[in-house]
Amino acid sequence: DVGIFATAMLSLPLGPPIVAFHNNWSGWAALTTVVGWALVTKMTLYLIVPSIGRRTLARVSVQRCHEFRIAGGFLMTLGTAILITRYHTW
């Protein structure tokens, strides 16, 4: 249960400040707000219902490391697309 608590606490400095100070629901900025709410939801569920966190952490293994690479590649592509559309002058 220590790992579940630690995982929930990693979301603490990220989720609530995004929700509190970035409540923007238009355009690409809405994605940041959705991520903030997702972090708050994850943190809350892990603290209130530890079995959810336990089940999620049980999936982490060396044999499943490709899932992290796929997710990381997707998030890097998404971040690059957001940066290009936000800061590129067409």
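The residues of the chain are indexed from 1 along the displayed sequence. Scope of the values below: all heavy atoms of this structure, side chains included, with no hydrogens, waters or symmetry mates.
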Could you go through the side-chain contact (heavy atoms from CB on, under 4.5 Å) check for Lys42 and Thr7 one step at a time? CA-CA 9 Å; Lys42 173 185 168 183; Thr7 303; 4.0 Å; yes

One pair to check against side-chain contact (heavy atoms from CB on, under 4.5 Å): Val35 and Leu14. What are the steps and the verdict? CA-CA 9 Å; Val35 168; Leu14 300 172; over 6 Å; no

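- The OG1 atom of Thr80 lies 6.0 Å from the CD1 atom of Ile84; values are rounded to the nearest 0.5 Å.
- In this structure, the side chains of Leu47 and Ile4 stay at 4.5 Å or more apart for every pair of heavy atoms.
- Transitive grouping of hydrophobic side chains (ILVMFWY, heavy atoms separated by less than 4.5 Å) brings Leu57 and Ile48 into a common cluster.
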Evaluate the criterion side-chain contact (heavy atoms from CB on, under 4.5 Å) for residue pair Thr44 and Tyr46; output intermediate values, then yes/no. CA-CA 6 Å; Thr44 304; Tyr46 277 24; over 6 Å; no

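- Annotation: side chain of Val19 is not in contact with side chain of Thr33 (no heavy-atom distance under 4.5 Å).
- Looking only at side-chain heavy atoms (C-beta outward), Ile18 and Pro16 stay at 4.5 Å or farther from each other.
- One distance of note links CZ of Arg59 with CD of Glu67; it measures 5.0 Å at 0.5 Å rounding.
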Check the pair Val49, Ile52 against side-chain contact (heavy atoms from CB on, under 4.5 Å), reporting the backbone distance first and the verdict last. CA-CA 6 Å; Val49 187; Ile52 293 173; 3.8 Å; yes

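- Smallest separation of non-hydrogen atoms from Leu12 and Pro17: O-CD, 3.9 Å.
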side-chain hydrogen bond (donor to acceptor under 3.5 Å, both in side chains) between His22 and Thr32, worked out: CA-CA 8 Å; His22 194 278; Thr32 304; 4.5 Å; no

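- A distance of 11.5 Å separates CG in Leu31 from CG in Asn24, rounded to the nearest 0.5 Å.
- Linking ILVMFWY side-chain heavy atoms closer than 4.5 Å, directly or via other members, places Val40 and Trp25 in a single hydrophobic cluster.
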